[in-house]
Amino acid sequence: MSILFEKRKNISRTAQVLVPAASFVVSLILTGILLLAFGADPFATYRAMFRGAFGSGRAFTETLVKAIPLMLTGLGVALAFRLRFWNIGAEGQLTLAGVAATGVAIFWGRWMPSFLLLPTVILVGCLAGAAWAGIPALLRTRLKVDETLVTLMLNYVAILFSEYLYYGPWRDPKGYGFPGTEPFPEAAWMPRIAGRAHLGLVFALFLALALWFVLNRTRWGFELKILGASPQAARYQGISVERNIVLAILVSGALCGLAGVGEVTGISRRLQQGLSLGYGYTAIIVAWMGQLNPLAVPFVAVLMAALLVGGDQVQMMMGLPASMGILMQGMILFPLLAGSLFTEYRIKRTARHPAAGAAAEGAE
Amino acid sequence: MDASEPKVPLVEMRGIRKSFPGVTACDGVDLRLGRGEVLALLGENGAGKSTLMNVLAGLYRPDEGEIRIGGKPVEIRSPRDSAAHGVGMVHQNFMLVDTMTVAENVVLGMAGLPLVPDMAEVKRSVLELAEKYGLRVDPDAYVWQLSVGEQQRVEILKQLYRKAEILVLDEPTAVLTPQESEELNVVVQRMKAEGKSAVFITHKMEEVMTFSDRVMVLRKGKVVVEKVTSETSPRDLAKLMVGREVLFRVEKKSFEPGAVILELKDVRALDDRGLPALRDLSLKVRAGEILGIAGVAGNGQRELSEVITGLRPVSSGGISINCVETTNKTPLEIIRSGVSHIPQDRIAVGAVGDMSVASNLAMKGYRDAPISRGVLLLPRRILDLARRMIESFRIATPSPETRVKFLSGGNIQKTILAREIESCRSLLVAVYPSRGLDIGATEAVRKELVAQRDAGMAVLLVSEDIEELLSVADTVLVLYEGRAMGTFPSAEADPEELGLLMAGVERKETVS
Ligand SMILES: Nc1ncnc2c1ncn2[C@@H]1O[C@H](COP(=O)(O)OP(=O)(O)OP(=O)(O)O)[C@@H](O)[C@H]1O
Ligand SMILES: [Mg+2]
C-alpha cells in the first residue's frame, strides 16, 4: 500500500498518459483472451479491426463520422466531471438537441431564408441540449437533488419523446410508413468535408481548443478549477458555487447538444431511428480516458470510434459479433477506473498529511 | 524519572533519509526513544518533523535508514505494520469518520477485527480507557458532534485501544485551548507512568518544558541538537531552532486610530447546528487599530469572522465596512470592499491542496490586473508574483508549481497568509494566524500584522494566546458564548482578569 503511495508524486504527470495507455493495453489483452475462447486469432482480429477503421480513405472517414459525436459529448462530459457534476445524461442532451434541430429544420425551413437556417438549427439544438442539462443542474443547486439519477432518467424521457415524434406526429407522410421525419431541406444540411464526415469535425476540434483555453487561460476557468477542487474554498474566495455550476453545465449540455445536431443535419438529415446509438454513454469513457483534458478528448474519441467501426468490420470479415468493439470499450473502462481509483486512493493517503483536511476538517 | 540516555532504547531510528521531488525532508536523522520517555520534536516549518514520524508510522518508506524497536530491526511497510509494533500516531489533521460514532471510529480499520465487532464490548473498553486516562468522551456520540479537542481525545483513545506503546502526537496542541493542552499533558504523564512512550511535536516552547523529558531539534532535515529538557530553557531552544535570537516583543508605532472601518451592531448569528453563536455582539475597529478577540475557542470566533466576510448569514443586527452596509452581502462584494480573511480552517477552506502554490497565491488577485487582463489570465505574471511572495514570506516550497498539499503544515499556512496580507486593502480578519507556525514565522506574522496596522489597515485578530494579544493588539475584546464580556486597551489589560472573563466570570463594576 505504502509503496504505491510513495511513487505517486514522481509519476503523477506521466500517470496522465500512462494510466489510459495501460488501460488500453489491458483491454487488448483481456479481449484477446476472450477471442481465443471464441476460437479466433486475436492478432488477426486486431489487424482486421485496425484495417477496418483506418485501412482506407473511406474507412477513415467513417471512423471520423463516429468520432465527431464522441468528441463533442466527450468534451461536454469532461467539463461536467471536472466540477464533479456526474452528468451521465449526454445521451439525452444529444437526443433532445437532435429533436429540436429537426423541428427547426422542418418547420422553420419552410419560411426561413436559407443562409439563416443552418445557423438557427445549430443554435436551437445547442440551446435544447443546454436546457436539458440545465434541469438537473438547477435541481442539484437549488434542491440538492442528486444529478446522477436525474440525468440518467432524462435520457429515457428524451429518447422516448423523439420516438413518439418520428413514429407519430412528425412521421413523414410520404415515407411509406417508415418511422422517421421528412428529409431536411438542403439549407439545413451540415456541409460534408470528406466522405460522410461533416463540418462538425471542425467545430469539435475548435471547441476542444477553446475549452482548453477557457479552462486554463481565463478567469472563469480558474474559478471552475477551484470549484472542482473544493467548493468550500471557492465560496470563501467569493466564487458563486451554484451560479458557476449551472453555467458550466449549460455549456456541457450545449456541447452534447451540438453532437446531436451534427448527427441529424450531417448524417441522417432527418430524425429517425438510430439517433441514440449510445455515444453519450461512450462519452463517459472518452472523458475519463482523456483524463478530463479537452485536448486529449479528440484523440481518445477517434480511438473509440475506431473500435466501433473496426468492430463492424470484424463482424463482416471474420464472422465475429460486432459488439466486439463495444466490449473492448467496456474492457478499457475497468482498468481505467481502477487506475484512477488508485491515483485517487493515494491522493487520499498523502492527504493524511496536509491534504485531506477536506475530509477530516469537514467535521468541525 | 531518569531522563538520561537509556541503555536499550525502545525505538531507534538510524540514518533516516527521505526525499521528495525537490526537497530532502529528512537527511540522515537518528532518533532514540526510551521506555517511559517523552521526546519533544522541535523545528521550523518544513524541517521534516511530520515526515520523520510518518516514516515511523508506516506512511512513508525511508529512502535509507533503519528502524529498530526493542533492539530488533523491523521492517515497517504500512500503518498496520507499525501498529503491530506498538506505534500509534495522531496526525496533524485528524482521520475520523464524521458520520460514525466514537466507538465505531475507535475500532475502524483495526487489524484482526471480527466481521461483526461486539460494540457493547468496545464501548465498555472505551469507557474504561477513558476513565483510566481522563479522556472524557461519550462512546455513542457521533464524531461530527464533537469539538476539535474531543475529536483529538478520540484519536488518542483509538491508539490506546490498539494498545499503542509508542504514541506519536503531531502538533496536538495547535488546535487545543490552553486548558485542553493541560489535560492532554495529564494524559501523557499517565501513559508515561505506565511505561508507555511518546513523541510530541510542537512549536510551543513552554509545552516542550512541561511535556517532555528530552528534546530534539531538527533543522532542514538534520538533527541540530538533542538535550535533556531540564537542562535547557525556552529561550535556548528558540535560538537553536531558528539559529538566531528571537524577539518575542514586537515594535509598533504609537496608537493613532483613524476612521471606523468595521462596525458590528447587535449582531446575532447561528452556528452550523442552528444554535445561537453570536448574541447581540457590537464592536468597532478603526483604521490603524488591531482589535484582538480573546476567548476560548468555540465561543463564536469562527462565526464572527464568517459573518463579517459574508460566509454566514446574520440573523439580526447590522455590519458595515467603510461606512457601507454589508450585512448579508455576498463574499465577493465584501472581498471587493478590501477585506482579507485568514480562515480558521486553512486546509479545507483557505487553500486548495490539489492546486499549485502559485495558483493558491493568485486566488485573491486573479480578478484584477496585473494577474489578469479582462477575462484572460496571465500565467507568466501569476508565476512572477508567486516567486516574489514565496521569497518575501519565506514559503518553503520546491517550486511555485508544487501542489500545496505537498507543503508542510506551516508552509500551507504561510501561503494563505501571504495571499491575504498582500491583497488586504482596508480590513484584515485574521483567525488564529500563527497556529501551526514555528516561532520564527510567528514572529514574522506578528510583525506583518503590525505593519498592516501601521499602514492604516484595520485588523481583527482572533487568538487564544493572551500573550500574543497583549503584545500585538491595541484593544482587546473578550468573547464568551458569543457575547462581548468587555473591551479594554491592551496596555491596561490584566492577563488575570482577561482569563476570568474568558471563563465567563462577569466583570465586577469596581474593577474598570
Ligand atoms: N508527500 C510529500 N510530497 C512532497 N513533499 C513533501 C511531502 N511531505 C512533505 N514534503 C516536504 O518535505 C518537507 C518537510 O515537511 P514536513 O511536513 O515533514 O515538515 P514539518 O517539520 O512537519 O513542518 P510543519 O511544522 O510546518 O508541519 C517540506 O519541505 C515539505 O514540502
Ligand atoms: Mg508537520
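Reminder, nothing fancy here: chain letters follow the sequence lines and each chain counts from 1. Excluded from the calculations below are hydrogen atoms, water molecules and symmetry mates; all remaining heavy atoms, backbone and side chain alike, are included.
In this structure, B/Val349 and A/Tyr236 approach most closely via the heavy-atom pair O-CD2, 3.2 Å. The two residues B/Ala348 and A/Gln232 come nearest to each other via the heavy atoms CB-OE1, 3.6 Å. For the residue pair A/Gln237 and B/Gly350, the shortest heavy atom distance occurs at NE2-O, 4.3 Å.
Looking at B/Glu420, only its side chain comes within 4.5 Å of chain A, counting heavy atoms on both sides. Only the side chain of B/Met355 comes within contact range of chain A, judged by heavy atoms closer than 4.5 Å. Proximity to chain A is absent for every atom of B/Thr99, based on heavy atoms less than 4.5 angstrom apart. For B/Ile335, the part lying under 4.5 angstrom from a heavy atom of chain A is the side chain only. Only the side chain of B/Ser372 comes within contact range of chain A, with at least one heavy atom under 4.5 Å from a heavy atom of that chain. For chain A, no part of B/Arg373 is nearby; none of its heavy atoms comes within less than 4.5 Å.
Within a 6.0 Å radius of CZ in A/Phe81, other residues, nucleotides and ligands contribute more than 12 heavy atoms. Counting heavy-atom neighbours within 6.0 Å of B/Tyr366 OH, excluding the residue itself, gives a total above 12.
Within the 4.5 Å cutoff, side-chain heavy atoms of A/Ile239 are placed close to those of B/Arg367.
Atoms CG and CD, on B/Leu377 and A/Glu223 in that order, are 9.5 Å from each other to the nearest 0.5 Å.
At a heavy-atom cut-off of under 4.5 Å, chain B is reached by A/Phe213 from residues 199-216 of chain A, listed in order of number.
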Begin with the C-alpha distance, continue with both residues' side-chain angles, and end with the deciding distance and a verdict on side-chain contact (heavy atoms from CB on, under 4.5 Å) for A/Thr218 and B/Leu376.
CA-CA 4 Å; A/Thr218 68; B/Leu376 294 186; 4.1 Å; yes

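Formation of a donor-acceptor pair under 3.5 Å by the B/Thr330 side chain with backbone atoms of A/Gly238 is not found in this model.
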